[in-house]
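Working notes, structure below.
Note that the structure is a prediction, hence the values are computed from the model and not measured. The sequence lines fix the lettering, A, B, ..., with proteins before strands; numbering per chain opens at 1.
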Number of protein chains: 2
Amino acid sequence: MTNKLNLNNLTKSEEDYLKALFQLLIEGGSAKVGNNQLADYLKVSPASTNNMIKKLKAKEYVVSEKYGKLELTEEGKSIAVRLIRKHRLWETFLCNYLNFGWDEVHDVAEQLEHIKSQKLINELDRFMDFPTKDPHGEVIPNAAGEYFILPKTTLSSLEEGAICQLISVNDASVTFLKYVSEIGLALSSEIKVLEVREFDGSIKIQFNNTEETVTRKFGDNVFVKVI
Amino acid sequence: MTNKLNLNNLTKSEEDYLKALFQLLIEGGSAKVGNNQLADYLKVSPASTNNMIKKLKAKEYVVSEKYGKLELTEEGKSIAVRLIRKHRLWETFLCNYLNFGWDEVHDVAEQLEHIKSQKLINELDRFMDFPTKDPHGEVIPNAAGEYFILPKTTLSSLEEGAICQLISVNDASVTFLKYVSEIGLALSSEIKVLEVREFDGSIKIQFNNTEETVTRKFGDNVFVKVI
DNA sequence: TTAATTTGTTAGTCATAGCTAACTTTTTTA
DNA sequence: TAAAAAAGTTAGCTATGACTAACAAATTAA
Ligand SMILES: [Mn+2]
Ligand SMILES: [Mn+2]
Ligand SMILES: [Mn+2]
Ligand SMILES: [Mn+2]
């Protein structure tokens, strides 16, 4: 009896907690993630996360000591990656085949990612001819759960004069995504940082012969590759 | 404040109960449906249905008197039809685009029908160019919730000598559907009833130059049009 | 028309997954 | 290093939606 990854015995909530932990720890690159941070991220109370973490520890998806930081086991990570794969494949399907805008897909994908059917997701992948990026520029794990997690450099972390390319955007805020589209930014856009204002962290950027001033918060949600 | 059909405030369970009631009362054509019959159909205890019916009555989707039979309000029906539309559109998508067999789609559609997004289902409909029948021959309600509910004539109700065409099949049993395919029956197949054996209700039928003997139970799950 | 059977209801229990309020431990700051 | 703040935990509550066991009403059979 080896490694029986019981993908089908997890509740929606359990899946969501594992995904959140993965996104904080691995995709987000946080060295340590605590109970309250997770609660914040999931917009639930610390008591709720504490409770769920107990369950996930009992099921051996999470490891932590009392009052200590949270870690995912390999099985915990594996479940999270499969969920992320489903989420991103669905987002891609909605955008590329069902006329959804990139600002409209996340909430629906949050529901669709919990549909339990291995065949469904692998056939959807095949149907779209195995896409590698979702509408927000994020890498889609393959059927084996493998994918390259690129370290996230935010636009707001760059110095004046830096030139970069837009790689991906945070997909969770509808208003942010609409705003990005509105000013004419898109994946692959080349951006030059003209000015970083110390006073409020706002950034003046140039792209497509346009100049825009954006806030630090905006820049925190735009991920780039320096060129 | 008119007719506010709060489609999004229903739980998965509430939706399932309304759909079950609709399928018994309207699609199934039962004159009266009671609490225990509903419990049977949904494979839950009578106490559970009793409890849920109370909630649905409070929300005005169901009407019934104490110890009386169950009825759906117009709003209750409307919700059920929308659910049936979603179910059948998803089944169609799985069969026609994702290489699912007709015996594999029902369980997945049971999950997908609860995804809440008006746009998703209407775009899926458009993407498939507005199909009118699902893989089991059942009529798909349109975006306005309109569809023709054809009265179900079972193969087992026919007399010896009758000739009919296969219109639809019960989609809930995987083994039944596999069996139908295996013997070579399909939607639109022309079937002649050669013999009805009184002893056990078994039926000898002829189709595609083949003869087969099937049970009454089999015939109960095959719906036909006499020609 | 009484008795048996079926049908429907109620009470009380359980699991999941949220919450608040109170508390403890750890970390930070003064 | 002691006090304050932050982080984590626990207890106890709520809602949903299952369940069983016990009971009441309605229907059917004798
Ligand atoms: Mn998303
Ligand atoms: Mn995305
Ligand atoms: Mn079905
Ligand atoms: Mn069907």
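Checked against side chain to side chain contact (heavy atoms under 4.5 Å, CB included), B:Val226 has the following partners two or more places apart in sequence or in another chain: B:Leu158. For B:Asn50, the side chain to side chain contact (heavy atoms under 4.5 Å, CB included) partners at least two apart in sequence or on another chain are B:Asn35, B:Lys54. By the salt bridge (Lys or Arg N to Asp or Glu O under 4.0 Å) test, A:Glu138 is found to be paired with A:Arg88, A:Lys152, residues two or more places apart in sequence or in another chain being considered. Under the ring pair (Phe, Tyr, Trp, His ring centres under 6.0 Å) criterion, B:Tyr67 pairs with no residue, sequence neighbours left out. Qualifying side chain to side chain contact (heavy atoms under 4.5 Å, CB included) partners for A:Ile167, counting only residues two or more places apart in sequence or in other chains: A:Leu150, A:Lys225. Scanning for side chain to side chain contact (heavy atoms under 4.5 Å, CB included) contacts around B:Ala20 gives B:Leu38, B:Tyr41, B:Leu42, with sequence neighbours left out. Applying the side chain to side chain donor-acceptor pair (under 3.5 Å) test to A:Asn142 and every residue at least two apart in sequence or in another chain returns A:Glu146. B:Asp16 meets the salt bridge (Lys or Arg N to Asp or Glu O under 4.0 Å) test with B:Lys12; sequence neighbours excluded. By the salt bridge (Lys or Arg N to Asp or Glu O under 4.0 Å) test, A:Lys69 pairs with no residue at all, sequence neighbours left out.
The nearest whole Å value for the distance from the CD atom in A:Glu15 to the C1' atom in C:dT16 is 15 Å. When rounded to the nearest whole Å, the span between CG of A:Leu18 and P of C:dA17 equals 12 Å. Taking atom CG on B:Leu42 and atom C1' on D:dC19, their separation rounds to 15 Å, with Å as the unit. Here D:dT9 presents its P atom at 11 Å from CG of A:Leu38, a figure rounded to the nearest Å.
Around CD of A:Glu195, the count of heavy atoms belonging to other residues, nucleotides or ligands within 6.0 Å exceeds 12. The neighbour count for B:Glu71 CD, taken as heavy atoms of other residues, nucleotides or ligands under 6.0 Å away, does not exceed 12.
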Can you name the atoms? Protein N/O to nucleotides 16-18 of chain D N/O, anything below 3.5 Å, with the distance.
unit_1, atom_1, unit_2, atom_2, d
D:dG17, OP1, B:Thr11, OG1, 2.4
D:dG17, OP2, B:Lys55, NZ, 2.9
D:dA18, OP1, B:Ser13, OG, 2.8
D:dA18, OP2, B:Tyr17, OH, 3.0

For nucleotides 2-8 of chain D, which of its nitrogen or oxygen atoms have a protein nitrogen or oxygen under 3.5 Å away, and what is each distance?
unit_1, atom_1, unit_2, atom_2, d
D:dG8, OP1, A:Lys69, NZ, 2.9
D:dG8, OP2, A:Asn35, N, 3.1
D:dG8, OP2, A:Asn36, N, 2.8

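Looking at heavy-atom distances under 4.0 Å, B:Lys32 makes no contact with the nucleic acid at all.
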For this session: Dot-bracket for DNA chain C, please, read 5' to 3', with Watson-Crick or G-U wobble pairs under 3.5 Å on both distances, ( ) within the strand, [ ] crossing, | other strand, . unpaired.
Result: ||||||||||||||||||||||||||||||
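Side-chain N/O atoms of A:Lys54 include none lying less than 4.0 angstrom from OP1 or OP2 on D:dT9.
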